[in-house]
There are 2 protein chains.
Amino acid sequence: MVVGRSDEADDDRRFRAVADATRRDILRRTMTREYSVSELARNYPMSFAAVQKHVAKLERAGLVTKRREGREQLVRADVHAVRRMRYLLDQLEAMWVDRIDRMGEILAQEKGDES
Amino acid sequence: MVVGRSDEADDDRRFRAVADATRRDILRRTMTREYSVSELARNYPMSFAAVQKHVAKLERAGLVTKRREGREQLVRADVHAVRRMRYLLDQLEAMWVDRIDRMGEILAQEKGDES
DNA sequence: GCGACCTACAACCATTTGGTTGTACGTTAC
DNA sequence: GTAACGTACAACCAAATGGTTGTAGGTCGC
């Protein structure tokens, strides 16, 4: 997969969206079941509008979606966006493992040469 | 593991540190080998001081470490901090999977009742 | 020893962020 | 029908962020 600029911007948004304890908690809760925004808001020591802003930021990052049911907006997490972030971190770790592997080969080679 | 406030702050720092394309690229590069700060800086269309700030932010998040070699500071990535982020995302995904599993059980139960 | 290279950081600035209060509108329950 | 509930968003403000320029000091190579 070739990473383009729009992919980088999406990654920016996703990681930034989870770089806040309140938003991570919103994500945890909405991963288990749907919550309305005001139901979510009751869990945090801030105004309703502030929680609305957090939800909006998660939505712009593609981490949650909303659907209206009567007067309520129900928020649910989207595991795909979480997987995309995990994938990127997996790639980073793979680069690390690859480096360690290459060092191991060098060491093995040096040991062979010493015999 | 119980997540405490200082853990949350660490998570804030780590996710915020990777919420920027330049810093993700620095992380990719230093995952494969050590780079000096000025060597890194040659890759980005910004001042040396700006790259320095990016490296400092990664360092504060525990994602890279620096060691001095003569006049150069050599930067290397720390895979443990990447793993901590991945772990957190794994937990989120596990919550999703658990929810899907519970829905599957409910559906199976409903089908059993219909027979 | 001195020019080139490398790094650190202060001060500044424009933009973004994260919170508040206030206003407005739609839905629901009685 | 109206009070209660739920939501959206504008305007505001303080703090944080991400970049710049400039100054200063250490190391290295010739």
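Since this is a predicted model, take the numbers as computed values, not measurements. Below, read A as the first sequence line, B as the second, and so on, with proteins coming before strands; counting in each chain starts at 1.
Applying the 3.5 Å distance criterion, the base of C/dG19 shares a donor-acceptor pair with the side chain of A/Lys53.
Residue-level contact check: B/Glu72 touches the backbone only, with heavy atoms under 4.0 Å from sugar-phosphate atoms and none from bases. A/Thr22 comes within 4.0 angstrom of nothing in the nucleic acid, heavy atoms only.
The distance from atom CD of B/Glu69 to atom P of D/dG29 is 11 Å, rounded to the nearest whole Å. Straight-line distance from the CE atom of B/Met46 to the C1' atom of C/dA14: 16 Å, rounded to whole Å. For the pair B/Leu40 CG and C/dC6 C1', the interatomic distance rounds to 13 Å; values are reported in whole Å. Atom CG in A/Asp12 sits about 13 Å away from atom C1' in D/dG18, given to the nearest Å. Atom CD in A/Glu34 sits about 16 Å away from atom C1' in D/dG6, given to the nearest Å. Counting to the nearest Å, the P atom of D/dT17 and the CG atom of B/Leu58 are 14 Å from each other. Between B/Phe15 atom CZ and D/dA16 atom C1' the separation is 20 Å, expressed in whole Å. Taking atom CZ of A/Arg23 as the reference point, atom C1' of C/dG18 lies 8 Å away to the nearest angstrom.
At the phosphate of C/dG19, neither OP1 nor OP2 sits under 4.0 Å from any side-chain N or O atom of A/Ser47. Applying the 4.0 Å criterion to OP1 and OP2 of C/dT17, one finds that A/His54 has every side-chain N and O outside that range. OP1 or OP2 of C/dT7 has not a single side-chain nitrogen or oxygen of B/Gln52 nearer than 4.0 Å. Checking the phosphate oxygens (OP1, OP2) of C/dT7, no side-chain nitrogen or oxygen of B/Gln73 falls inside 4.0 Å.
A/Val97 and B/Met31 fall into different hydrophobic clusters, defined by Ile, Leu, Val, Met, Phe, Trp and Tyr side-chain heavy atoms under 4.5 Å apart, directly or through other members. Under the 4.5 Å side-chain heavy-atom criterion for grouping Ile, Leu, Val, Met, Phe, Trp and Tyr, A/Leu74 is not connected to B/Trp96 through any hydrophobic cluster.
The 5' end of DNA chain D is approached more closely, in terms of each residue's nearest nucleotide, by A/Ser38 than by the other of A/Ser38 and A/Arg16. Residue B/Arg71 is the one, among A/Asp20 and B/Arg71, whose nearest nucleotide of DNA chain C lies closer to the 5' end (criterion: closest heavy atom). In terms of position along DNA chain D, the nucleotide closest to B/Lys57 lies nearer the 5' end than the nucleotide closest to the other residue of the pair B/Ala49 and B/Lys57. With DNA chain C read from its 5' end, the first of the two nearest nucleotides for A/Phe48 and A/Gly70 is the one closest to A/Phe48.
Note that CG of B/Asp12 and CG of B/Asp7 are 11.0 Å apart. Values are rounded to the nearest 0.5 Å. Rounded to the nearest 0.5 Å, atoms OG1 (B/Thr30) and CZ (B/Arg76) are 10.0 Å apart. Separation of atoms CD (A/Gln52) and CD (A/Gln73) is listed at 9.0 Å; rounding is to 0.5 Å.
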